[in-house]
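Working notes, beginning with the structure itself.
Note on naming: letters A, B, ... go to the chains in the order of the sequence lines (proteins, then strands), and numbering restarts at 1 for each one.
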Amino acid sequence: MVAPGFCRLSLEAPKIAAAARPGQFVQVYMFSGRRPMLPRPFSIFNANPGQGQISFFIEVKGPGTAMLAAAKKNETWSLLGPLGNGFPAMPEGSLLVAGGAGIAPLVFLAASTQKERLLIYGAPSATMLTCPSSDLDLPGLITLEATEDGSRGEKGTAPELLAVKIKEASAVFSCGPCGMLAAVKSLCVSHGVPGWVSVEERMACGIGACVGCVIKTGNGYRRVCKDGPVFPVEEVVFDEQG
Amino acid sequence: MNRADLNNHGDLNLQVDLAGIKLKTPVLLASGPAGYGHEYRELLDFRTLGAIIVKGISLEPWTGNLPPRLAETSCGLLNAVGLQNPGVDYFLKEDLPALRNSGTKVIVNVVGCSPDEYAAVTSRLDGKEGIDGLEINISCPNVKAGGMAFGTDPKATAKLVEKVRRETELPLVIKLTPNVTDISTVARAAETAGADGLSLINTLAGMLIDTENQKPLLGNTFGGLSGPAVMPVALKMVWQAAAAVRIPVLGMGGINSADDALQFIMAGARAVAIGTGIFYNPRLPVEINKGLAGYLHDKGYNSLAEVEGVARRQKGAD
């Protein structure tokens with residue numbers, strides 16, 4: 001556990017580590033007919049092909065994540081991945097916008113280049129900015145924190161900070177709660193800045209077969225697991241509640 | 001049924017004849033979870049399957065239901081995908097060619113909003129190379145009759161089966177809904193109208209509420225429950241349907257082990273299908289085949305036919 005309700009899980013998975021691209025995810029199998037039953041999808045937080053390791057940054061929310069948080073050293077888990085479409089290559093001057101646990105794929109993305117890039121990392125309060133600072137200590141990466149209660153970094157939301165910074169941005173890459181992504185979308189669209197978001201939905205197969213994990217897009221329902229989880233921001237339709 | 005080494009039972013014959021379709025093994029992939037097979041071919045060897053029953057196909061593309069479409073329950077899965085599919089013409093052009101070479105038999109699940117639509121889909125599938133049989137999903141709402149599912153009414157079932165029967169010589173398996181008062185009358189209606197086999201159960205109607213947001217969890221409000229939670233319900237309905245008809249029955253509903261599969265066979269099913277199980281264990285079909293072969297070997301049987309319905313005879317139910 002790196003913070004209350006959050007854990008960082010490292011696994012030896014040489015094939016996945018070698019093939020993974022930022023934004024892709026991995027299905028963790030439970031092999032049980034009772035809850036937690038379905039494989040759990042996690043964005044890749046970190047991939048180290050040299051050491052053959054990958055890691056997840058997990059917010060403990062239900063029985064599946066609780067089971068993974070309780071995993072012991074040297075346990076064996078079945079993984080399927082890397083799955084889905086990742087982020088496109090990041091241009092110089094990109095802005096990364098993370099909300100809470102949505103930081104996971106963006107850390108992998110930030111680590112994939114040494115180009116100039118800025119990370120906005122927001123949460124309701126300081127206790128929910130749970131990503132270890134050592135994971136954000138990347139060459140050339142500037143991190144700006146934002147909390148709604150002002151307990152750390154700027155006072156405000158990640159999109160409010162994005163609104164200030166977007167004029168200098170060449171592209172926006174984002175992951176976080178729906179409401180935040182909806183705000184990121186309107187900022188990208190109004191400023192004409194290209195943006196990509198990683199979205200989530202409950203999944204079953206994780207490989208595109210069952211069409212259970214669809215989201216609403218400008219091109220109809222699309223599968224998060226196979227057509228995503230990264231989509232061009234203008235394509236995603238966010239509902240009124242976010 | 002935890003058998004480590006069953007390779008020495010490879011000579012045991014697990015072949016079955018389901019409604020005129022010769023199946024290499026009695027374990028099929030149920031319609032839905034595996035879509036049109038492309039993705040799951042990388043996770044499981046289709047040569048170990050009796051057949052794949054592909055996801056429901058309608059005349060025109062169906063967009064499916066509003067998300068969220070899935071929710072996990074204690075021992076099951078609630079889904080409301082809404083039969084999203086690309087339509088019969090797309091299926092024939094884009095999906096069927098790959099399925100022909102997948103190493104297993106292909107049964108196409110047919111859906112529709114009206115008897116005419118079912119008939120139109122059936123007629124387009126009829127005679128196409130690589131299709132070994134049709135499974136008619138009669139759980140769809142009968143739009144002209146107020147949206148009640150065809151399969152909840154024996155008369156509507158009979159009319160629909162008769163109409164589809166006129167369109168094809170292919171083996172016709174009718175997939176029954178469990179959301180009925182008496183499965184026997186619907187089963188009999190389907191048989192009398194010309195069905196070659198029955199498959200059951202489809203999912204059980206259900207719902208969940210998200211207490212945080214204080215609204216139904218599924219975008220469609222209602223969904224269908226599958227997975228191990230429904231297994232005893234499914235088994236009872238297979239038992240009842242098998243008692244009501246002479247045509248073979250394909251049993252399914254929450255099968256999670258070779259022992260579960262055997263229970264369906266002993267209740268009177270000719271073969272079994274796996275749906276939700278492949279989500280959490282893609283090796284399940286292989287494990288079930290091994291377990292069935294091991295059971296037959298240990299008990300000195302030569303074929304699955306010797307145990308088909310055996311529990312019924314024990315109970316004097318036939």
**Asked** Would you say the side-chain atoms of B:Gln84 pair up with the backbone N or O of A:Val211, donor to acceptor, closer than 3.5 Å?
**Response** no
**Complete:** Rounding to 0.5 Å, atoms CZ (B:Phe279) and CE (A:Met203) come to a distance of 12.0 Å
**Message:** Can you tell me if A:Met128 has over 12 outside heavy atoms packed within less than 6.0 Å of its CE?
**Reply:** no
**Prompt:** Going from CG on A:Leu80 to CD on B:Glu42, what distance comes out if it is rounded to the nearest 0.5 angstrom?
**Reply:** 9.0 Å
**Message:** Checking A:Phe31 against B:Arg283 for the side-chain contact (heavy atoms from CB on, under 4.5 Å) test, could you report, in this order, the C-alpha distance in whole Å, the side-chain angles of both residues, the deciding distance, and whether it holds?
**Reply:** CA-CA 10 Å; A:Phe31 284 115; B:Arg283 295 195 291 255; 3.8 Å; yes
**Message:** With a sphere of 6.0 Å drawn around CD of B:Glu94, does it hold more than 12 non-hydrogen atoms of other residues, nucleotides or ligands?
**Reply:** yes
**Request:** Side chain from CB out, backbone as N, CA, C, O: work out which of these in A:Ile215 comes under 4.5 Å of a heavy atom of chain B, or both, or neither.
**Result:** backbone
**Asked** Checking heavy atoms, do the side chain of B:Leu284, its backbone, both or neither come under 4.5 Å from chain A?
**Response** neither
**Asked** Has A:Glu145 got more than 12 heavy atoms of other residues, nucleotides or ligands less than 6.0 Å from its CD?
**Response** yes
**Fill in**
Of all heavy-atom pairs linking B:Pro33 and A:Ala209, the shortest is O-CB, 3.6 Å
**Request:** Indicate yes or no for a side-chain donor-acceptor contact from B:Glu72 to the backbone of A:Arg35 under 3.5 Å, with no hydrogens or angles considered.
**Result:** no
**Request:** For B:Phe222, look at atom CZ and say whether over 12 heavy atoms of other residues, nucleotides or ligands are found less than 6.0 Å away.
**Result:** no
**Message:** To check you understand the geometry: which heavy-atom pair defines the closest contact between B:Pro228 and A:Met37, and what is its length?
**Reply:** CD-SD, 4.2 Å
**Asked** Using non-hydrogen atoms only, which part of B:Ile278 is less than 4.5 Å away from chain A: side chain, backbone, both, or neither?
**Response** neither
**Item:** chain A contact via B:Thr276 - side chain, backbone, both or neither, heavy atoms under 4.5 Å
**Value:** side chain
**Prompt:** Can you name the closest pair of heavy atoms from A:Glu201 and B:Pro67 and give their distance?
**Reply:** OE1-CB, 4.3 Å
**Request:** Take A:Lys216 and B:Leu66 through the side-chain contact (heavy atoms from CB on, under 4.5 Å) test and state the conclusion after the steps.
**Result:** CA-CA 8 Å; A:Lys216 225 193 273 180; B:Leu66 196 71; 3.6 Å; yes
**Prompt:** CZ of A:Arg34: more than 12 outside heavy atoms within 6.0 angstrom?
**Reply:** no
**Message:** At a heavy-atom distance under 4.5 Å, which candidate from A:Ser32, A:Gly220, A:Pro39, A:Gly62 has the highest pair count against chain B?
**Reply:** A:Ser32
**Prompt:** If you take all heavy atoms of A:Tyr29 and B:Tyr280, which pair is closest and at what distance?
**Reply:** CD2-O, 3.6 Å
**chain A contacts, top residue of B:Leu70, B:Asn281, B:Leu43 (heavy-atom pairs, under 4.5 Å)** = B:Leu70
**Message:** Please check this pair: side chain of B:Arg69 against backbone of A:Val214, looking for a donor-acceptor N/O pair closer than 3.5 Å.
**Reply:** no
**Request:** Using non-hydrogen atoms and a 4.5 Å limit, figure out which bit of B:Asn256 sits close to chain A: side chain, backbone, both or neither.
**Result:** side chain
**Asked** So what's closer than 4.5 Å to chain A heavy atoms on B:Pro68: side chain, backbone, both or neither?
**Response** both
**Prompt:** Between A:Ser78, A:Pro36, A:Pro63, A:Gly64, which has the largest tally of heavy atom pairs under 4.5 Å with chain B?
**Reply:** A:Pro36
**Item:** B:Asn65, part contacting chain A, at a heavy-atom distance under 4.5 Å
**Value:** backbone
